[in-house]
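Below is one structure; the comments refer to it alone.
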Amino acid sequence: MTSSIRVRFAPSPTGYLHIGGARTALFNWLFARKYGGVFILRIEDTDRERSTPEAVATILDGLRWLGLDWDEGPYFQSERLAEHRRLAEQLLARGHAYKSYETKEELDALRRAAETAKTAFVFRGREHSPEEEAELDAQGRPYVIRFRVPRTEGAVTFYDLVHGEQTKRYADIEDFALLRSDGSPLYILSNAADDIAERVTHVIRGQDGLANTPKQVLIYQALGVPSPTFAHLPLILDGKRAKLSKRKHGEAATVRFYQERGFIPDAFLNAIALIGWSPGDNREILSRDEMIAAFDFAQVSRTNGIFNLPPADQPLADPRQFTDPKALWMNAEYLKTMPLDRLLPLVQEQLEAAGLWQSTFAEGAGRAWLIRTVEVIRERFRTLTDFTTYGRPYFDDSFAFDPEAVRKHLRDARLTDWLPELADVLEQVADWKPETVEAALRAFAEAKGAKAGLFINAARVALTGQSVGPSMFEVFALIGRERSCARLRAIREQAAMGATASLPVG
RNA sequence: GCCGCUAUGGUGUAACUGGUUAACACGCCGCCCUCUCACGGCGGAGAGUACGGGUUCGAGCCCCGUUAGCGGUACCA
């Protein structure tokens, strides 16, 4: 391998950047970065009906969010149609292709006949003499330009870095079309033509490209240019082994969804990298650099992997389990362990978007408080959006009460008086920190002849609206004396209102 | 129908060129910790490697067949 390696990611802008596409882009990128190669972005927008500028923007956004930076492009395939046509003409002139006048109806009939006869259908069009062609053209008969697959006994052979040497006999390859009757090129041609133009050395794409690779190799050979090396990646399927699609899985199949749901780009990348690839040892948490260093096609699996998306047509049993459990675990792992200076900007984005950011967080004491808070609460979060949902009570006085938590921990009627009393006691605590608050609360509990747990759990609900969270004394310390006491006293109104609001889901 | 790719616990993967009781992670269950939940720690259930043959002293790894999934068989990409 040398530094002359050139790879490309070539999505069609007909929808969103989906998980499979992101993984393909990632492997291209890893390979390029590992060997000092060039990563090219090409937009295959020849299907004008379905291609949209919005889809292009979505794909670029997705790649940028993931940090998969490209070195060249984006090139737009639609701008090179004339060149593709020229190549087809060249193939025609050199006898590697021919004009095929069969109509769609004729082809269908042939196919159906083969079907009923249960025989193979490998199409070979009828070729005509120059005179006949002139005659047909004079009549204005439409034709497609079809590749003439060698009629000899031979076979096409190519090397795939994942699947090894592949061979397909000429006899099993039909004479495929290069140009439609309106002169527009087909994918199989355009794709190969652009790979040639961009001097792509390694074609790394989904396994669904494997079956028509022999046809492209035939094109390379006819054009007299060396074939690139191929690497066909296993597909990513859902739990029912169906291809991931927006139609079936909704937004959960798109990269944007993970961005909006608070995934950390590195974590998302790490998670999808492990579908169809492994570093070969037991490591699972790998930084970009570690992935680059460990990447190797020899360790790429040949079997399609499953990304366990919950069914899109059913409500989630647990809203926190909105996607593949392992991906979620991966994200939580990153959230808990990544350096704070890299997490903080991401948290800031979330807070700003939710209107919870305050200028005091930028420096000094406010900064210190923010850091301390994030450190404590990230421990049990799984996504960045948790900071503004479950984390909201730390940043704002208006937050929702989980009815279940209220029912469970504020049920004891005596708390309506006791909590405000506790506030009076806490008001007097000399040095506001976890230890002193704990001492005061425990003494208070003892004086009331009740268990400390009663007050701890009730306070958690009063201060955060939730029944779960960090060590309660830590929470008191973070929320501060004033706000803590105010929330303890507000228990009366809370009790009066019946507290039915529920937490937004993350 | 024909051509091709694939097949290890529920999921993702590991198992050097065939060599001890198939490993790790997620998920699940239990215990510990404990003011809750999570984290963490400890332990457990769960595959004999799709199925059937064959080669071999020995096969998840090699060969053949079957089945299943996927892809191609388009003037889709």
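Protein chains get the first letters and strands the later ones, always in sequence-line order, with residue 1 at the start of each.
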Expressed as a whole number of Å, how far does the P atom of B/C62 sit from that of B/G69? 24 Å

Stretch residues 446-458 of chain A: residues that reach within less than 4.0 Å of RNA chain B through a heavy atom: A/Ile456, A/Asn457

What's A/Pro470 touching, base or sugar-phosphate or nothing? Going by heavy atoms closer than 4.0 Å. base

With a cut-off of less than 4.0 Å, is there a side-chain N or O of A/Ser278 near OP1 or OP2 of B/A14? yes

In this structure, is the centre-to-centre distance between the rings of A/Tyr334 and A/Phe263 below 6.0 Å? no

Which label fits B/G44, syn or anti, where anti is any glycosidic angle not within 90° of 0? anti

Ranking B/G12, B/C5, B/C75 by distance to the side chain of A/Val144, first place goes to B/C75

When both distances are under 3.5 Å in a Watson-Crick or G-U wobble arrangement, the nucleotide paired with B/G1 is B/U73

Among B/C3, B/U6, B/C26, which nucleotide has an atom closest to any side-chain atom of A/His163? B/U6

Can A/Asn331 and A/Arg261 be counted as having a side-chain donor-acceptor contact under 3.5 angstrom? no

Atom C1', compared across B/U34 and B/G19: separation rounded to whole Å: 49 Å

Quickly work out the A/Leu107 CG to B/C76 C1' distance and round it to whole Å. 15 Å

Let's see if you can work this out: which of B/C3, B/A38, B/C26 has an atom nearest to the side-chain heavy atoms of A/Arg169? B/C3

Only pairs with both distances under 3.5 Å count, Watson-Crick or wobble alike; so what is the partner of B/G19 in this structure? B/C57

What's the closest nucleotide to the side chain of A/Ala120 if the choices are B/U36, B/G12, B/C2? B/C2

Quick one: do A/Lys326 and A/Asp324 make a salt bridge, cutoff under 4.0 Å? no

Tell me if the side-chain of A/Ser181 makes a donor-acceptor pair with the base of B/C75, cut-off 3.5 Å, by modelled atom types. yes

Taking B/A15 as the reference, what is the distance to B/U8 when you measure between their P atoms (whole Å, please)? 14 Å

Looking for any heavy atom pair under 4.0 Å, which part of the strands does A/Asn212 touch: base, sugar-phosphate only, or nothing? base

Using Watson-Crick or G-U wobble geometry with both distances below 3.5 Å, tell me the partner of B/C37, or none. none

NA contact type, A/Glu44, heavy-atom cut-off 4.0 Å: base, sugar-phosphate, or nothing? sugar-phosphate

Winner on side-chain proximity to A/Glu379, out of B/C39, B/G72, B/C70, is B/C39

d(CZ, A/Arg460; P, B/C37) in whole Å: 9 Å

According to a strict under-4.0 Å criterion, is A/His409 in side-chain N/O contact with OP1 or OP2 of B/U36? no

Students often mix this up, so state it plainly: with edges at 30° and 60°, are the rings of A/Phe230 and A/His232 parallel, tilted or perpendicular? parallel

When A/Pro234 and A/Gly469 are each assigned the nearest nucleotide of RNA chain B, the 5'-most assignment goes to A/Pro234

Side-chain N or O of A/Gln299 closer than 4.0 Å to phosphate OP1/OP2 of B/A14: yes

Atom CG of A/Asn282 and atom P of B/A22: how far apart are they, to the nearest Å? 17 Å

Interatomic distance, A/Phe147 CZ vs B/C75 P [rounded to whole Å]: 16 Å

Do A/Gln466 and A/Thr464 pair up side chain to side chain, a donor and an acceptor below 3.5 Å, judged on atom types alone? no

Under 4.0 Å, heavy atoms only, any strand: does A/Gln166 hit a base, just the sugar-phosphate, or nothing? sugar-phosphate

Using a strict cut-off of less than 4.0 Å between a Lys/Arg side-chain nitrogen and an Asp/Glu carboxylate oxygen, indicate whether A/Arg8 and A/Asp194 qualify as a salt bridge. no

Whom does B/C28 pair with, Watson-Crick or G-U wobble, provided both distances fall under 3.5 Å? B/G44

Taking side chain as C-beta onward, heavy atoms only, is A/Val461 less than 4.5 Å from A/Lys408? no

Looking at A/Arg283, does any N or O in its side chain come under 4.0 Å of the phosphate oxygens OP1/OP2 on B/U13? no

Has A/Arg180 got a side-chain N or O lying under 4.0 Å from the OP1 or OP2 atom of B/A77? yes

Rounded to the Å, how far apart are A/His84 NE2 and B/C75 P? 19 Å

Any side-chain donor near an acceptor of the partner, A/Thr46 and A/His84, under 3.5 Å: no

Please work out if A/Lys215 contacts a base, only the sugar-phosphate, or nothing of the nucleic acid, heavy-atom cut-off 4.0 Å. sugar-phosphate

Picking from B/C37, B/C75, B/G4, which would you name as closest to the side chain of A/Leu186? B/C75

Quick check: are there more than 12 heavy atoms from other residues, nucleotides or ligands sitting under 6.0 Å from CD of A/Gln321? yes

Could you check how far CD1 of A/Ile275 sits from C1' of B/A25, rounded to whole Å? 13 Å

Would you kindly give the CG-to-C1' distance between A/Leu309 and B/U11, to the nearest whole Å? 12 Å

Rounded interatomic separation in angstrom, taking CD from A/Glu474 and P from B/U36: 16 Å

Answer whether the closest heavy-atom distance between the side chains of A/Leu286 and A/Leu274 falls below 4.5 Å. yes

A/Tyr390 six-ring centre to A/Arg320 NZ/CZ under 6.0 Å and within 45° of normal: yes

Within a radius of less than 6.0 Å around CZ of A/Arg411, do more than 12 heavy atoms belonging to other residues, nucleotides or ligands occur? no

Given the structure, check if the side chain of A/Arg302 and the base of B/C5 hold any donor-acceptor pair shorter than 3.5 Å. no

Of the listed B/C26, B/C3, B/U36, the closest approach to the A/Arg380 side chain comes from B/U36

Proximal nucleotide (of B/C35, B/C37, B/A77) relative to the A/Met472 side chain: B/C35

Side-chain atoms of A/Ser471 come closest, of B/U36, B/G27, B/U73, to B/U36

Considering only the C1' atoms, how many Å lie between B/G60 and B/G48, rounded to the nearest integer? 9 Å

Pairwise C1' distance, B/A25 and B/C5 [rounded to whole Å]: 28 Å

Contact nearer the 5' end of RNA chain B, comparing A/Gln77 with A/Gly280: A/Gly280

Which value, in whole Å, describes the distance between the C1' atoms of nucleotides B/A47 and B/C24? 14 Å

Write down the distance separating the C1' atoms in B/U73 and B/G58, rounded off to the nearest Å. 43 Å

Using the P atoms only, state how far B/C31 lies from B/A14, rounded to an integer number of Å. 35 Å

Classify the nucleic acid contact of A/Arg442 as base, sugar-phosphate or nothing, counting any heavy atom under 4.0 Å across all strands shown. sugar-phosphate

Now, which nucleotide makes the Watson-Crick or G-U wobble pair with B/U66, with each of the two distances under 3.5 Å? B/A50

Please determine, for the side chain of A/Pro325, which listed nucleotide (B/U73, B/C75, B/G27) has the closest atom? B/G27

Name the nucleic acid region contacted by A/Arg382, choosing base, sugar-phosphate or nothing; use a 4.0 angstrom heavy-atom cut-off, strictly under. nothing

Decide yes or no, distance alone: a donor-acceptor N/O pair under 3.5 angstrom between the base of B/C2 and the side-chain of A/Thr119. no

